[in-house]
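FYI, side chains are in, hydrogens and waters are out, and symmetry mates aren't considered; it's all heavy atoms of this structure.
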Amino acid sequence: MKISNKKMIIIQLIIFTAVIVAIAGFTIHKMVFPCRRSYSNIDGAVKLAVADNVDIVLRHLVNPESEYTILFSHGNYEDLGTLQDFMEEYRQHGFSILAWDYRGYGLSGGKPSEAAVCSDIRKVFSYMTDEQGIAPERIILHGRSVGSGPSCDLASEVSCGGLIVESGFMSIFSTKLPWVGLWGDMFVNINKISEVQCPKLFIHGKQDRVVPFKHALEMYNKAIEPKYKLWLDSSGHNDIMYYYQDSFWDAISEFADKLSTEKD
């Protein structure tokens, strides 16, 4: 059966698109979890069993006067070693904070994946509520960059005090491709954010070249109330704390104050 030129062109376009998507998907997946280990030992490290023969490492800094505890999920090039100053700043601003290393990061065992981190953050959350006795409504989830994935996923299914999405994305693929939810896509936050019932704070730099600002706008617009935003005119993906440190901490403190007011 002879195939017309028009049909042949369509077939070639489909094949070409499929190849591009496959190559992009493989490349992006390799970039999502490069794994990092910046430390060999860290004060206050706690091991948490998350699977057979797999432990992940947590670090919990307590501020006795804090009303809220932050559950922080870091970016893909961070680990507990690089977060030490950041965690201490959180404590100095009146919060307790627990951060964790994904599988394959720092001293955490195993290999990272979307399924693994979404499963593991639930175990971390249960550790905080069941073993540390922290009320769910006193926990604020904070996900930075790739950490927005497990944070949005958890917030869409559990009751918690609030959610902070810092430099977050609609999905992994959509940071490089014009589509969301293709086969193999990861952390499709845009489909989960509308299911998040707790108050939300979105923080994003308008000059972000890694996760373009439109991702924050789409996420914010799809989120239900109550929701708040901090858009930073001159900031990129990794320099918010360099250029807008005061604005960053002020926004988080004001967000926590609003949570307290809403509870009253």
Side-chain angles (χ1 to χ4, degrees), residues 33-46 48 56-102 104-108 112 117 120-121 124-125 127-128 132 134 138-152 154-155 160-169 200-205 208 210-211 216 230 232 234-256 259:
F33 294 116
C35 295
R36 180 179 179 121
R37 183 178 179 181
S38 70
Y39 65 96
S40 57
N41 186 37
I42 194 165
D43 290 340
V46 174
L48 178 68
I56 62 171
V57 177
L58 324 174
R59 186 169 185 242
H60 187 190
L61 297 186
V62 176
N63 181 331
E65 299 179 358
S66 64
E67 182 176 3
Y68 294 100
T69 297
I70 304 297
L71 169 48
F72 185 77
S73 300
H74 59 66
N76 66 339
Y77 280 94
E78 297 178 303
D79 68 3
L80 291 178
T82 65
L83 293 175
Q84 292 186 78
D85 291 343
F86 176 73
M87 292 182 69
E88 185 57 46
E89 283 197 70
Y90 239 130
R91 181 159 64 175
Q92 291 176 4
H93 280 86
F95 298 87
S96 294
I97 177 171
L98 186 149
W100 59 296
D101 270 337
Y102 311 138
Y105 280 73
L107 299 180
S108 292
V117 297
D120 293 349
I121 194 174
V124 174
F125 187 79
Y127 167 82
M128 296 173 72
Q132 297 298 304
I134 305 171
R138 299 299 179 187
I139 297 175
I140 298 174
L141 311 181
H142 182 166
R144 175 186 289 158
S145 191
V146 76
S148 66
S151 298
C152 287
L154 179 62
C160 61
L163 169 67
I164 300 171
V165 178
E166 180 189 347
S167 303
F169 43 75
K200 295 153 286 286
L201 170 63
F202 296 86
I203 301 174
H204 212 101
D208 195 328
V210 178
V211 180
L230 174 64
L232 303 169
S234 301
S235 181
H237 191 69
N238 297 310
D239 57 8
I240 289 175
M241 295 299 291
Y242 291 101
Y243 299 117
Y244 290 96
Q245 188 173 71
D246 290 343
S247 298
F248 178 88
W249 291 118
D250 286 348
I252 290 176
S253 294
E254 290 171 8
F255 180 59
L259 299 185

Pair up each side-chain donor or acceptor in residues 39-46 with any protein partner under 3.5 Å, not counting sequence neighbours, and list the distances.
{"unit_1": "Y39", "atom_1": "OH", "unit_2": "D101", "atom_2": "OD2", "d": "2.6"}
{"unit_1": "Y39", "atom_1": "OH", "unit_2": "L107", "atom_2": "N", "d": "3.1"}

Inset, instruction - Answer yes or no: is there a side-chain heavy-atom contact under 4.5 Å between Y77 and P34? - result: yes
Inset, instruction - Run the numbers on W100 and I121 for side chain to side chain contact (heavy atoms under 4.5 Å, CB included), then give the verdict. - result: CA-CA 9 Å; W100 59 296; I121 194 174; 3.7 Å; yes
Legend entry - Partners meeting side-chain contact (heavy atoms from CB on, under 4.5 Å) with A99 (sequence neighbours left out): F72, L80, L83, M87
Inset, instruction - Scan side-chain atoms only and decide if S73 and H142 contain a donor-acceptor pair under the 3.5 Å cut-off. - result: no
Legend entry - Within 45° cone and under 6.0 Å: R138 NZ/CZ vs Y68 ring: yes
Legend entry - Side chains of I140 and C160 in contact at under 4.5 Å (non-hydrogen atoms): no
Legend entry - Under 3.5 Å: donor-acceptor pair, side chain of S66, backbone of N63: yes
Legend entry - Side-chain heavy atoms of I203 within contact of I164, under 4.5 Å: yes
Inset, instruction - Drop me the distance from L230's CG to E254's CD, to the nearest 0.5 angstrom. - result: 9.0 Å
Inset, instruction - Working to the nearest 0.5 Å, report the span between SG of C152 and CZ of F169. - result: 8.0 Å
Legend entry - Closest heavy-atom pair and its distance - G75, S145: CA-CB, 4.3 Å
Inset, instruction - Give, for atom OG of S96 and atom CD of E67, the distance between the pair rounded to the nearest 0.5 Å. - result: 11.0 Å
Inset, instruction - Determine whether L154 and F125 make a side-chain contact, defined as any pair of heavy atoms from C-beta on separated by less than 4.5 Å. - result: yes
Legend entry - Any donor-acceptor N/O pair, D79 side chain to T82 backbone, under 3.5 Å: yes
Legend entry - Heavy-atom pair of closest approach, residues N76 and Y105: O-OH, 2.7 Å
Legend entry - Inter-residue atom distance W249.CH2 - Q92.CD, 0.5 Å rounding: 9.0 Å
Legend entry - Contacts of type side-chain contact (heavy atoms from CB on, under 4.5 Å), residue L98, not counting sequence neighbours: L58, H60, L71, V124, Y127, M128
Inset, instruction - Taking the side chain as every heavy atom from C-beta outward, state whether R59 and L61 have any atom pair closer than 4.5 Å. - result: yes
Inset, instruction - Side-chain contact test, heavy atoms from C-beta onward, threshold under 4.5 Å: evaluate it for C35 versus P112 and give yes or no. - result: yes
Inset, instruction - Would you give the length of the straight line joining atom CD1 of I139 to atom CG of L163, rounded to the nearest 0.5 angstrom? - result: 13.0 Å
Inset, instruction - Report yes if some heavy atom in the side chain of V165 is under 4.5 Å from a heavy atom in the side chain of K200; otherwise report no. - result: no
Legend entry - E166-H204 side chain donor-acceptor pair, cut-off 3.5 Å: no
Legend entry - Y90 and F95 aromatic centres sub-6.0 Å: yes
Inset, instruction - Could you tell me whether a side-chain N or O of Y102 sits under 3.5 Å from a main-chain N or O of F33, the two making a donor and an acceptor? - result: no
Legend entry - Any side-chain heavy-atom pair of V57 and L48 under 4.5 Å: no
Inset, instruction - Give the intermediate values and the outcome of side chain to side chain contact (heavy atoms under 4.5 Å, CB included) for residues L232 and Y243. - result: CA-CA 9 Å; L232 303 169; Y243 299 117; over 6 Å; no
Inset, instruction - Look only at the side chain of D239 and the backbone of Y242, and say whether a donor-acceptor pair between them is shorter than 3.5 Å. - result: no
Legend entry - Heavy-atom pair of closest approach, residues S151 and L141: O-CD1, 3.6 Å
Inset, instruction - Taking all non-hydrogen atoms of both residues into account, name the closest pair between H93 and S253 and its distance. - result: O-OG, 4.5 Å
